[in-house]
Every structure is written in structure tokens, then in C-alpha cells.
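Okay, so here's the structure we're looking at.
Read the numbers this way: they start at 1 and go in the same order the structure lists the ligands and their atoms.
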Amino acid sequence: MDNINSSLSPKKIIAVNMVEGKVIWMSDRIYPQHFYPLSIKDYCYAIKSAVKKGLKALPILSISSKDYPYCDFSCEDCLACPSRNWAIKAGHIKYPVIPLDKYKNMLKEISRYSKERGVDRVRFEFCGEGNPDLYEHRAEIIRYAAQECNMGVVYVSTGSHLTDDLCYTLVKNASFIRISFPGITTEAYAHYSGQSRFGYNDALNLLKKLVALRQQMKRENGLLLGVRTCLRKDNDGHYKDFIKTIGELGVDCFQGVKVLLYHNKESQYEKISPQTIRELNEIKEEYAQYGLKHFVVPNDLSSIHINRALRDTNKPLKCWSSKISPALYGSNLICCVLWDRIINSEFHYGIMEGESGELESMMHGERAEFIAQHCPSCCEECCSFADNQFIDELWKVLKLQDDIDEIDFFFEYC
Ligand code: SF4
Ligand code: SF4
């Protein structure tokens with residue numbers, strides 16, 4: 001099995017006591033697209049190490065970086081507007097667009113911090129709050145992250161400004177390119193993206209180009225190509241055609257997500273139609289015959305709006321994701337990407353300058369203690385609920401083991 005197939009196909013993860021030959025825990029919450037090029041197994045080993053050596057031994061496994069708060073699209077329900085208006089106001093975010101040398105030093109520091117905690121390859125996601133294609137040093141920072149810091153580069157964009165040079169750099173260096181489609185027909189794309197310069201067919205042509213380049217550079221075994229869309233009304237009835245189209249183009253995976261909304265918007269009560277639920281469930285069974293390697297939509301398809309509410313009854317012990325997968329907004333290191341955490345600097349670990357050793361003081365200093373004390377207890381919503389719940393469960397199981405060194409983790413593929 002090649003690297004991509006073996007990453008996308010596990011069905012379960014199990015923890016085994018190797019001395020007793022006994023399975024002590026299992027979970028089917030694998031989420032391969034969410035973790036790629038890492039996997040849930042990397043998270044399990046990080047937690048095992050923290051059980052043995054303490055929480056300060058936790059590496060940063062993944063960072064999503066919001067480094068360009070300007071966009072050429074005007075999407076319906078874009079969540080970035082309030083936070084990016086806040087960010088670009090003088091002083092709120094020191095470097096909303098990070099100078100290249102500083103950015104390089106920051107990446108070096110992140111990879112050093114994690115390497116000293118046993119992780120050689122940090123997943124580094126360049127993503128939203130704007131169009132990452134437009135950052136003038138994008139090609140150089142991607143190359144640097146992959147080649148000088150051994151990072152697993154994940155690139156999430158509409159791709160509307162991917163130049164030939166940037167496409168080449170991405171295909172050569174990235175582990176995962178995920179192109180976002182505001183809509184999956186010509187009309188839906190134009191409607192939801194709020195602009196007309198770059199349309200549905202342009203996005204399909206871009207995918208074609210990326211697939212061809214990947215073949216030319218013989219990167220089929222290392223570069224995952226995916227597509228993501230929101231499950232919005234105008235997409236209804238078009239999912240099968242779309243999946244066939246991208247499957248024929250050579251795209252590997254599809255992710256359908258619910259629309260994220262701020263509280264109190266009336267549309268949060270909108271339902272997904274029974275026909276659409278049927279169509280999506282049928283594709284779940286059939287996607288391989290259309291040429292895709294992975295297809296994922298939320299398990300709960302009852303409403304269009306995602307419910308991220310955290311109730312006292314379902315709060316995890318700790319906010320693990322703030323330690324293992326914090327976010328960068330410009331050079332500010334933040335506990336997560338929830339918009340009300342972004343605009344409240346109490347939840348920022350600090351401002352990275354790219355100096356060696358600064359992450360120890362940020363991740364284990366006073367601000368980190370404040371975050372650990374207040375999250376998740378004061379969080380009303382959570383953007384990493386599934387990750388936190390998974391790690392919480394594993395943490396409790398591993399803490400009960402007499403000898404943690406006897407525990408190992410394996411994937412099950414059927
Ligand atoms: S592409 Fe992303 S950042 Fe830009 S408007 Fe759309 S949702 Fe917002
Ligand atoms: S919302 Fe709170 S609990 Fe969830 S990831 Fe953010 S800080 Fe952690």
C-alpha cells in the first residue's frame with residue numbers, strides 16, 4: 001500500500017499492552033484528512049510521552065498559520081472579517097503579515113521545540129483569514145518549511161491566485177493541497193464566493209494542473225490533493241456529479257463541512273434536506289468507484305450549521321489542542337482558532353520573534369498557565385472538541401497503566 005492509501009484507509013486505532021498481548025483501548029475516530037501528513041497515531045505517542053515525562057514534554061504536532069488577513073473573495077458567512085479587522089488595527093497583531101526572515105526563524109524555532117520533544121516533522125498548515133496565495137513570499141516560505149524545517153506542509157486556499165511558480169513550489173514541497181470550493185456548480189460558486197474573477201471552471205482547471213504537475217514530478221505517493229466545500233443549499237443535488245468530476249480529474253479526497261456561523265444567526269436552524277442526506281450517504285458507500293480515495297462529511301447531518309457548543313457536561317479535562325496544535329495569527333501564538341480567542345490577547349501565548357528557546361517560555365510560562373486554567377472551563381464553544389475529547393479519553397486510559405512502556409499503538413484496516 002502506498003503512503004497516501006495507508007494514511008487514508010485505517011478504520012480504528014488500538015492501544016495494546018505488548019507484554020500481556022491485550023488490547024486495552026480502541027477508537028474509530030481516525031480523521032485522516034484532519035491530521036495528514038501526520039496521523040492520530042502521532043498524537044497517541046505524544047500523549048504516551050507526556051504521561052511518562054509530564055506535560056512539558058508535549059511537542060507541538062501541528063500549527064495552523066493565518067499569515068495573510070486580506071482576501072479577494074467575499075464569501076457568504078466568512079468568519080474572518082471581524083477577527084481580521086481586529087488584527088490589522090494598529091498594535092493588535094504585531095506582524096499581521098510576517099517579514100520573511102522573522103517567519104523563517106519562527107519556523108526554525110517551532111521545529112526545534114518539537115524535535116527536542118521527539119517529533120521530527122511538525123504539520124504546518126497555511127490557511128484562511130485571507131487568501132494565502134497573495135502573500136508575496138509564499139513560495140519561499142513553503143520551500144523553507146519543507147526543506148529546511150522538515151515540516152509537513154498543508155496548504156488550504158481557493159487557489160484563485162496560484163501562479164505557475166507557486167503551483168510548482170507547492171507540488172514539489174507540500175504534503176497536502178486542499179482547494180476550497182465555495183460552491184460546487186458554476187452558479188453556486190459565483191453566488192457563495194461573492195466575486196466573478198475566478199469561477200468554478202477556473203478551480204477545476206487548477207485541480208487539473210496540480211494533478212498533472214504531481215504526475216510530472218512523481219509525487220503521487222507523497223502529495224495528497226483534496227477538495228473542501230461547505231454543505232450549503234445551492235450545492236444540493238450536485239454532490240454526485242461533483243464527486244465524479246473531481247474523481248476523474250485525479251483528486252484524492254473530498255471533505256464536506258457544515259457552515260460555521262456566529263451565535264444567534266437565524267439560519268443556524270436550517271436543516272439539510274432528506275434528499276441531500278441520502279445523496280451524501282450514498283456517496284459514502286460509492287466514492288471509491290468514482291476514483292476518490294477518501295470522502296468525509298459530518299456524522300450528524302441534521303442541520304447545516306455546526307454546533308460547537310461546550311456544555312459543562314461534555315467539557316474535557318484539559319484543552320490538549322492548545323498545547324499540541326496551537327495557532328499562529330501573524331506572529332502571535334494563540335491557543336486556538338476560535339474567533340473570540342483570536343480577538344482576546346489573554347489567550348495568546350505571546351508574540352514569536354523567532355528566537356531560539358522562546359517557545360519554552362511561551363508554552364510553559366505565565367500566559368500558558370492562564371490558558372490552562374481557563375480553557376476549557378471558560379470556553380462556551382470549541383473548535384477542537386473532537387481532538388480534545390479523544391486525547392482526554394486516551395490520557396485517562398494511559399494514566400491507569402502500571403508500566404506505560406508496555407503500551408504500543410496500531411491501526412486496524414478493516
Ligand atoms: S475565501 Fe475564506 S477568507 Fe476569503 S472571503 Fe471566503 S471564507 Fe473568507
Ligand atoms: S475553544 Fe477553548 S477548549 Fe476549545 S480549543 Fe479553543 S481554547 Fe481549547
Side-chain angles (χ1 to χ4, degrees), residues 34 62-85 87-88 96 125-135 155-162 178-183 188-195 197-199 203 228-230 232 257 259-263 306-312 314-327 329 333-349 367-392:
H34 174 58
S62 172
I63 288 207
S64 67
S65 177
K66 297 173 181 303
D67 59 14
Y68 195 79
Y70 305 94
C71 196
D72 54 327
F73 279 29
S74 212
C75 297
E76 197 169 299
D77 299 321
C78 173
L79 283 191
C81 299
S83 42
R84 69 178 168 220
N85 286 340
I88 50 197
E125 178 174 319
F126 296 100
C127 64
E129 290 279 310
N131 184 343
D133 307 353
L134 296 168
Y135 176 56
Y155 192 76
V156 180
S157 160
T158 58
S160 68
H161 281 81
L162 278 181
R178 190 169 64 203
I179 300 299
S180 305
F181 277 64
Y189 196 107
H191 173 190
Y192 291 123
S193 70
Q195 54 78 57
R197 192 196 71 85
F198 187 84
R228 169 148 102 168
T229 195
C230 276
R232 294 178 161 120
V257 294
V259 182
L260 283 162
L261 292 174
Y262 295 114
H263 316 277
I306 191 165
N307 182 356
R308 305 197 296 192
L310 262 183
R311 295 173 298 278
D312 285 345
N314 67 2
K315 284 190 175 171
L317 281 176
K318 298 182 199 300
C319 175
W320 300 100
S321 53
S322 61
K323 300 173 194 305
I324 286 180
S325 49
Y329 201 117
L333 190 67
I334 311 181
C335 59
C336 72
V337 293
L338 202 75
W339 75 277
D340 64 356
R341 294 294 176 251
I342 294 173
I343 62 169
N344 184 345
S345 36
E346 287 195 310
F347 295 97
H348 294 201
Y349 288 105
R367 187 58 49 204
E369 255 174 55
F370 174 88
I371 292 168
Q373 272 169 20
H374 290 82
C375 307
S377 56
C378 74
C379 302
E380 291 176 9
E381 290 186 288
C382 184
C383 48
S384 299
F385 179 66
D387 291 0
N388 283 331
Q389 209 185 33
F390 177 93
I391 297 173
D392 228 22

Verify whether one side chain among S160 and N131 offers a donor that lies under 3.5 Å from an acceptor in the other. yes
Just by distance, no angles: are the side chains of N388 and S321 close enough, under 3.5 Å, to form a donor-acceptor pair? yes
Within 4.0 Å of some non-hydrogen atom of C336, the atoms of ligand 2 are 1 (S), 5 (S), 6 (Fe), 7 (S)
*Is a donor on one side and an acceptor on the other found under 3.5 Å between the side chain of Q195 and the backbone of F198?*
yes
For the pair Y135 and Y68, name the ring-plane relationship: parallel under 30°, tilted 30 to 60°, perpendicular over 60°. tilted
F370-F347 aromatic ring centre distance below 6.0 Å
yes
heavy-atom search around atom 5 (S) of ligand 2 in the protein gives S321 OG, 3.5 Å
Testing the 3.5 Å rule here: is there a donor-acceptor pair between the side chains of D387 and W320?
no
Checking heavy atoms under 4.0 Å, the part of R84 that sits near ligand 1 is side chain
Atoms of ligand 2 under 4.0 Å from any heavy atom of C335, numbered from 1 in the order shown, are 7 (S)
Any chance the side chains of E125 and S62 put a donor and an acceptor closer than 3.5 Å? no
Per-atom filter on ligand 2: closer than 4.0 angstrom to a heavy atom of C375 are 7 (S)
Near P376 (heavy-atom distance under 4.0 Å), the atoms of ligand 2 are 3 (S)
May I ask whether S322 has any heavy atom positioned less than 4.0 angstrom from an atom of ligand 2? no
Nearest heavy atom to atom 2 (Fe) of ligand 2, choosing from C378, C319, C379, belongs to C379
Does C382 bring an N, O or S atom to within less than 2.8 Å of atom 4 (Fe) of ligand 2? yes
among protein heavy atoms, the one nearest atom 4 (Fe) of ligand 1 is C71 SG, 2.3 Å
protein heavy-atom neighbour closest to atom 6 (Fe) of ligand 1 works out as C75 SG, 2.3 Å
Students often mix this up, so state it plainly: with edges at 30° and 60°, are the rings of F126 and Y155 parallel, tilted or perpendicular?
tilted
A student checking ligand 2 against E381 at a 4.0 Å heavy-atom cut-off should list atoms 1 (S)
For atom 8 (Fe) of ligand 1, the closest protein heavy atom turns out to be C78 SG, 2.3 Å
What I want to check is whether the side chains of H374 and E346 have a donor and an acceptor closer together than 3.5 Å. no
